[in-house]
Structures are given as C-alpha cells and as structure tokens.
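Index from 1, following the sequence.
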Amino acid sequence: MQEPLYLQWKQWDCQSDCRYHCMLSTEKEREVLGTGPVKYHGKWPFKRVFGIQEPFSVAFSALNLAVQFHGWLSFFILLYYKLPLRPQNRKPYYEYTGLWHIYGLLAMNSWFWSAVFHSRDVDFTEKLDYSSAAALLGYSLILAIMRTFSVRDEAARVMVAAPIIAFITTHILYLNLYKLDYGLNMKVCVAMGVAQLLLWAIWAGVTHHPSKWKLWTAVVGTGLAMLLEIYDFPPYGGYLDAHALWHAITIPLTFLWWSFIKEDAEFRTSNSMKKVK
C-alpha cells in the first residue's frame, strides 16, 4: 500500500511499521497482566507522533539547538560589536574566541543530529548522533583544560589537543567502521564528561572570577542531570522518559553556560585592556 508522505520520509516501511504495532500490542497485553514495560532492541516502547519516534526528546533537542545558536550568536555580537577590538588587526582581545566558536558549531551539530536520531532511529542517524556527541565531549574536555590552566601559547595548545583529538577520532572510527559498542561508548563519554566537570569545579573553587557562581551552578546542575542517564525509567504515558528529561534540563543550563562564557570574555577583555594601558 502507498503510505502517507509523513511516514514515507521517515522510512517507515511495512516491516518496521509492523514491528512498531506489534510492540504496542505486546505492551497492552503486559499492562493487562500487570507487568511493566520492557525494552525492545535496547529501547523503551515509545508511542510515535506523526512518524516521530520520541517526540519529547526531539522537541527538547530542537530547543537545545536553538539555545546553543542564540548563545553562540550573542557571543559573536558581543565580541565583534560591543567589546573593544585590537587596533592593529581588529580582532578580539579575548584569547579563547576561536575555541568557543568551534565549541558552538560542534554543540549545534550535536543537537541537530540528536533531534534527527530521536525522530527516527536507523543505523545512519544513530552513528551520526553518537559520533557528534563524542566529538563534542572530546572537544569540550580540550577546552576545559585550556581555559582552566590558561593555556594561551599555540604550541602548548597543540600539545594538549593532539592526543585527545587522536583518541576521540580513533573512538569515532571504531564505532562507525568496526562495532557500535554502546557500553564502551557510554564509558568513554561519561569519563570525558566527568573529567571536564571536575576541572571546571576545581577551577571555580580557586579562581576569583566574578561569574564563578554561574559556573558552579552549571557544573552542579549538569552533574545532577547526568544521573538521569544512569537512573533510566520507562516513558511516562509512552512519551516522556529519563533521557528526554535530561535533554529538558540541559536547556536552562546551556543558557547559563553561554552567559558565563560571555561574561568570561568581558572579564578577560577588561584585564587585557588594563595591561595595554
């Protein structure tokens, strides 16, 4: 039969559509018997909306993408239109400008593929989502090291970044070309996430940065939100699960994070201007 367009673009063929309805029928039987939901191929039984597998995760991922874009754009406007520029080359005084621009692009890319993956889980979208998230976490670790240790020399930055880039590239190639190992990927991502949170937390404890309370809030909030990835529970009503809540919590945290980045740019620019004078 000719399927509706809204199902065709999601690649819901007869086989996958049959599996979906079979899963729902099985879950209704389990509910009548008084047993709880179970995972199918490693995923909870979600009820799709207009062909979208996990509507809440898609919506929250899209909102995260919007907040990341807003944060990056406002950061760009602040640096080039509101703060003073170096007179000799018209570049910002802030030493970490380029690093944060790359971070913003990687973050937007990650949330875009997160929305696509949760919209339709196929091999292609799954690998892109996992690879983008791993790349973002790896780069965020590099950025955390460089900012917390005030690494400004180009040669030193290369020495810090090179081994981490080599590791994360190898990890991504392993996932895509050899085996999509969910357990290994989770361990790698959690390790990189915890490492950078510890770096930021320790730095916030010793620095005299005027916006360190925002950094503390973002770090503690992210750490607590990560517990939702560990404490996994079935979707409420077939729609809202722990992973979707994780995506929801990161929305205000992302707004706060970019607020800290912009205030850090103002703080460092002010210090640089004093040294010039």
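- Taking the six-membered ring where the residue is Trp, His247 and His118 present perpendicular rings, their angle passing 60° and hence far from 30°.
- In the displayed structure, Tyr236 atom OH is contacted under 6.0 Å by at most 12 heavy atoms of other residues, nucleotides or ligands.
- The minimum heavy-atom distance linking Cys189 with Leu137 is given by the pair CB-CD1, 3.5 Å.
- Note that the CZ atom of Phe69 and the CZ atom of Phe112 stand 14.0 Å from one another [nearest 0.5 Å].
- By the salt bridge (charged side-chain N to carboxylate O under 4.0 Å, His left out) test, Asp241 is found to be paired with no residue, residues two or more places apart in sequence or in another chain being considered.
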Could you list the donor-acceptor pairs under 3.5 angstrom formed between side-chain atoms of residues 157-166 and any protein atom two or more places apart in sequence or on another chain?
| residue | atom | partner | partner atom | Å |
| --- | --- | --- | --- | --- |
| Arg157 | NE | Val151 | O | 2.9 |
| Arg157 | NH2 | Glu95 | O | 3.1 |
| Arg157 | NH2 | Val151 | O | 3.3 |

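- Taking each heavy atom of Ala115 and Val58 in turn, the nearest pair found is O-CG2, 3.6 Å.
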Query raised in the report: Going through the distances and angles, do Leu83 and Glu266 end up as a side-chain contact (heavy atoms from CB on, under 4.5 Å)?
Result: CA-CA 7 Å; Leu83 293 179; Glu266 292 174 340; 4.0 Å; yes

Query - CA sep, side-chain torsions, deciding dist, call: Leu197, Trp200, side-chain contact (heavy atoms from CB on, under 4.5 Å) - result: CA-CA 5 Å; Leu197 286 178; Trp200 286 117; 5.6 Å; no

Query - Pair Asn109-Leu136, side-chain contact (heavy atoms from CB on, under 4.5 Å): steps then yes or no - result: CA-CA 9 Å; Asn109 173 73; Leu136 175 60; over 6 Å; no

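- Applying the 6.0 Å contact sphere to NZ of Lys179 captures no more than 12 heavy atoms from other residues, nucleotides or ligands.
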Query raised in the report: Taking it one step at a time, do His70 and Val67 satisfy side-chain contact (heavy atoms from CB on, under 4.5 Å)?
Result: CA-CA 5 Å; His70 174 270; Val67 173; 5.6 Å; no

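- Under the 4.5 Å side-chain heavy-atom criterion for Ile, Leu, Val, Met, Phe, Trp and Tyr, Leu175 and Leu177 are members of distinct hydrophobic clusters.
- Scanning all heavy atoms of the two residues, the minimum distance from Pro45 to Tyr40 falls at CB-CE1, 4.0 Å.
- Residues Leu245 and Phe56 fail the side-chain proximity criterion, which asks for heavy atoms closer than 4.5 Å.
- Contacts classified as ring-ring contact (aromatic ring centres under 6.0 Å, His included) and involving residues 148-171 (residues at least two apart or in different chains) are not found.
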Return all side-chain donor-acceptor pairs below 3.5 angstrom for residues 253-261, not counting sequence neighbours, or 'none' if the list is empty.
| residue | atom | partner | partner atom | Å |
| --- | --- | --- | --- | --- |
| Thr254 | OG1 | Thr250 | O | 2.6 |
| Trp257 | NE1 | Tyr103 | OH | 3.4 |
| Trp258 | NE1 | Gln68 | OE1 | 2.8 |
| Ser259 | OG | Lys214 | NZ | 2.6 |

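- By the criterion of side-chain heavy atoms lying less than 4.5 angstrom apart, applied directly or through intervening Ile, Leu, Val, Met, Phe, Trp or Tyr residues, Tyr94 is grouped together with Leu73 in one hydrophobic cluster.
- Taking 4.5 Å as the limit, every side-chain heavy atom of Lys127 sits out of range of all side-chain heavy atoms of Ile172.
- The closest side-chain heavy-atom distance from Gln53 to Phe46 is not below 4.5 Å.
- By the 4.5 Å heavy-atom criterion applied to side chains, Ser150 and Tyr96 are counted as neighbours.
- Cluster annotation: Phe124 and Leu173 are assigned to distinct hydrophobic clusters (Ile/Leu/Val/Met/Phe/Trp/Tyr, side-chain heavy-atom contacts under 4.5 Å, transitive).
- Residues His101 and Phe75 place their aromatic rings such that the two centres sit under 6.0 Å apart.
- We find the CG-OG distance between Leu240 and Ser57 to be 8.0 Å, quoted to the nearest 0.5 Å.
- Remark: of the listed residues Val219, Leu141, Val194, Leu141 is the sole one forming a side chain to side chain contact (heavy atoms under 4.5 Å, CB included) with Leu199.
- Residue pairs meeting the ring-ring contact (aromatic ring centres under 6.0 Å, His included) criterion with at least one member in residues 175-197, sequence neighbours excluded: Tyr130-Tyr182, Tyr174-Tyr178.
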Please output the side-chain donor-acceptor pairs of residues 201-208 that fall under 3.5 Å, not counting sequence neighbours, one pair per line with the distance.
| residue | atom | partner | partner atom | Å |
| --- | --- | --- | --- | --- |
| Thr207 | OG1 | His209 | N | 3.2 |

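- Cluster annotation: Tyr80 and Trp72 are assigned to the same hydrophobic cluster (Ile/Leu/Val/Met/Phe/Trp/Tyr, side-chain heavy-atom contacts under 4.5 Å, transitive).
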